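Note sheet for the following structure.
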Amino acid sequence: IKRGTNQAQGGGCYARRDTMATLRNSILTAAFVVGIAPGLAQAASGKFTAADYQRALWMTTRFYGGQRSGVGPNWLQMDSPYPTNYVNDAVNGIDVSGGWFDCGDHEMYGQTQYWSAYTLAQAYESFPTGFDDLYDGANYSDYEKSQNFDITGGVPNRIPDIIDELVYETDFIAKAAISETQFVAKKGVGNLDHSLWLTPGYESANKKSSEGGSSDGSRPITVDQGDGSMACYAAATLSIMSRNLTRLGIYPSRASLYAQKAVVAYNYAKGHQATVAVNDGGSYPANVNFSDDFATASLEMYRLTNDPSYLNTGKALATSFKWGNNGLCYNDNEPQAFYNLYAIGGLTSSLSQLTGSSGVMNRYTTNVNSEGVSTVGDNWGALRYPLNGAYLGGLVDQRTGTDTYDQFIYNQIDYVMGSNTAKRSFITGFCSGCNSQPMYPQHRGIYLVNDLTWDKFNATGTSNGLSIPARNKYHGSLYGGSRTSTGFTESISNATTNEVCTDYNVGLVGALAYIVSKLAPVDTSKFRVTALHSRTGAAFDFSANATGRTILLSSSAALQEILLTDLHGRVLAQAFPGTSTYHWIAPGSGIYLTRVRTASGWASSKVMVQ
């Protein structure tokens with residue numbers, strides 16, 4: 001298997017490719033906008049109800065629980081005879097089991113895995129009112145008891161579902177950061193795994209390590225590859241997740257471990273300032289740049305530690321990289337670094353890189369086809385690119401208090417949900433008024449079969465007689481798909497269109513959370529939130545004043561963190577300005593509680609918006 005470089009549209013993420021597979025409440029209506037010019041679009045609206053967007057977010061989030069390697073539980077597999085898999089993964093006796101499978105196969109690549117975890121954690125931190133708690137993602141005991149794997153079968157556990165999913169992955173990332181000189185880059189070997197069509201538990205238990213399994217011990221684990229970009233996103237994920245757990249008041253020992261391991265991963269990256277391709281018959285190219293990844297890691301470490309040296313390191317890298325007009329994805333990450341340099345570092349020049357006339361978002365919004373889908377990016381796993389662009393637009397709009405890119409965001413999301421010419425959904429298990437939906441994702445675990453060889457599978461074409469069991473039908477995976485809905489033909493062996501991957505769902509989940517945070521914001525007071533020790537007699541001057549709907553927060557010290565809530569404690573906005581002032585546009589009249597943190601501690605104030 002070869003994952004090579006198909007850079008259509010003058011760029012795009014280096015695609016993952018397998019040559020074996022030549023492999024929830026009102027209805028919102030509006031005219032379908034094909035593309036938008038920033039600042040010119042009328043009030044944005046989508047084609048689906050709030051309930052539809054909530055449902056899509058539920059299943060596309062739970063998708064990650066079906067990617068679990070190790071003891072799990074993996075909800076796709078937990079009723080099978082082989083509910084666990086690859087529990088023997090180890091490096092010199094050190095347990096490195098767990099984490100997320102790369103795609104519909106069972107090897108695990110750091111390039112996609114660590115970036116995916118970071119971006120999802122960033123999405124939660126950016127849009128906390130977008131993410132609900134609809135099931136117990138710690139162990140899926142609710143689904144196991146009810147045997148109802150639909151949205152109604154889950155029981156909340158007072159932890160946002162995305163956090164449950166991320167905790168599982170972050171536990172692995174903490175293991176992967178073995179030391180400042182040892183970091184796990186990859187688990188398994190592509191050409192061994194891809195020669196089989198088996199569920200992960202069966203393959204793990206019945207095949208030797210030389211055959212893609214682990215019945216005789218650990219499968220091959222790659223460490224010390226020398227790639228620092230992977231470790232950058234590991235450090236960034238560990239940093240955000242330590243902060244998230246502390247803010248939610250859950251898993252204090254994990255929060256402490258994550259903070260410690262963030263330093264380990266960061267120092268590994270600092271000592272390995274290079275990007276290196278994976279080549280094992282199932283390969284990923286090297287990340288385009290290292291500097292943008294190290295800037296992101298440094299800025300996230302600053303948020304974790306408040307150590308200004310990290311901030312200075314990140315900001316100093318601002319001029320060491322530029323956007324190459326490629327689509328945001330796992331190895332073209334410069335747009336995220338631009339956002340972080342603005343949102344955390346306060347660099348307005350970096351905001352211009354995103355919103356200027358030649359910036360990232362302008363390229364996304366002006367290069368669209370007749371169905372309103374952005375054409376930026378590769379044609380392999382094509383739908384990840386417009387969705388990553390939609391997520392990026394959500395970050396920018398949320399941070400700047402604007403709605404410039406909202407219609408573009410709706411257009412990309414609505415397309416994959418089935419508002420397109422063919423009324424075709426590209427999300428496995430989602431259909432609201434659609435004519436067709438995914439039936440044959442290229443994913444070995446979903447079908448629960450273990451009697452199919454790859455040769456037979458690859459030879460028989462479209463469906464190979466496979467069907468998704470009812471318990472797994474709401475898989476929530478995004479097809480690689482196509483930017484045009486008509487003429488799309490499903491073929492389970494076609495990895496370009498039918499493969500589903502950990503990194504494919506990232507922008508979809510993030511952009512959906514942005515939409516839900518606006519249409520039906522979650523009451524975050526129901527989560528296990530630890531009360532902030534706020535005080536008005538802070539050791540710094542702080543004021544909060546409203547002019548119209550705009551609230552201006554001003555301080556004599558740099559504002560390291562801001563929380564804006566309603567009087568019930570529901571978080572409406574969260575930011576990490578790094579500047580002494582911050583503007584926020586309130587959603588309407590009322591009394592708001594502002595809480596700010598500087599190096600001297602917390603302070604709070606109420607402000608009324610007329």
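Note that this is a predicted model, so its numbers are computed, not measured.
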Taken to the nearest 0.5 Å, the spacing of Thr60 OG1 from Leu478 CG works out to 9.0 Å
Among side-chain atoms of [X] and [Y], is any donor-acceptor pair under 3.5 angstrom?
| X | Y | value |
| --- | --- | --- |
| Thr119 | Tyr233 | no |
| Asn289 | Ser291 | no |
| Tyr302 | Asn312 | no |
| Ser209 | Asp216 | yes |

State which residues pass salt bridge (Lys or Arg N to Asp or Glu O under 4.0 Å) with Arg471; sequence neighbours excluded, sorted by chain then number. Asp79
Over all heavy atoms of both residues, which pair between Asp133 and Arg158 is shortest? Give the atoms and the distance, please. OD2-N, 2.5 Å
Does any N or O in the side chain of Ser242 come within less than 3.5 Å of the main-chain N or O of Leu238, such that one atom is a donor and the other an acceptor? no
Within the side chain of Thr502, is there an N or O that forms a donor-acceptor pair under 3.5 Å with the backbone of Asp102? yes
Could you check whether Glu165 pairs with Arg62 (Lys NZ or Arg NE/NH1/NH2 to Asp/Glu carboxylate O, under 4.0 Å)? no
Looking at Lys208 and Glu211, is any side-chain nitrogen of the basic one under 4.0 Å from a carboxylate oxygen of the acidic one? no
Going by the rule side-chain hydrogen bond (donor to acceptor under 3.5 Å, both in side chains), which residues pair with Trp100 if we only count those two or more places apart in sequence or in a different chain? none
So that I know where these two stand, are Tyr266 and Phe294 an aromatic pair - ring centroids less than 6.0 Å apart? yes
May I ask you to decide if the ring planes of Tyr135 and Tyr143 are parallel, tilted or perpendicular, using 30° and 60° as cut-offs? tilted
Is the ring pair His475/His443 parallel, tilted or perpendicular, if the boundaries are 30 and 60 degrees? perpendicular
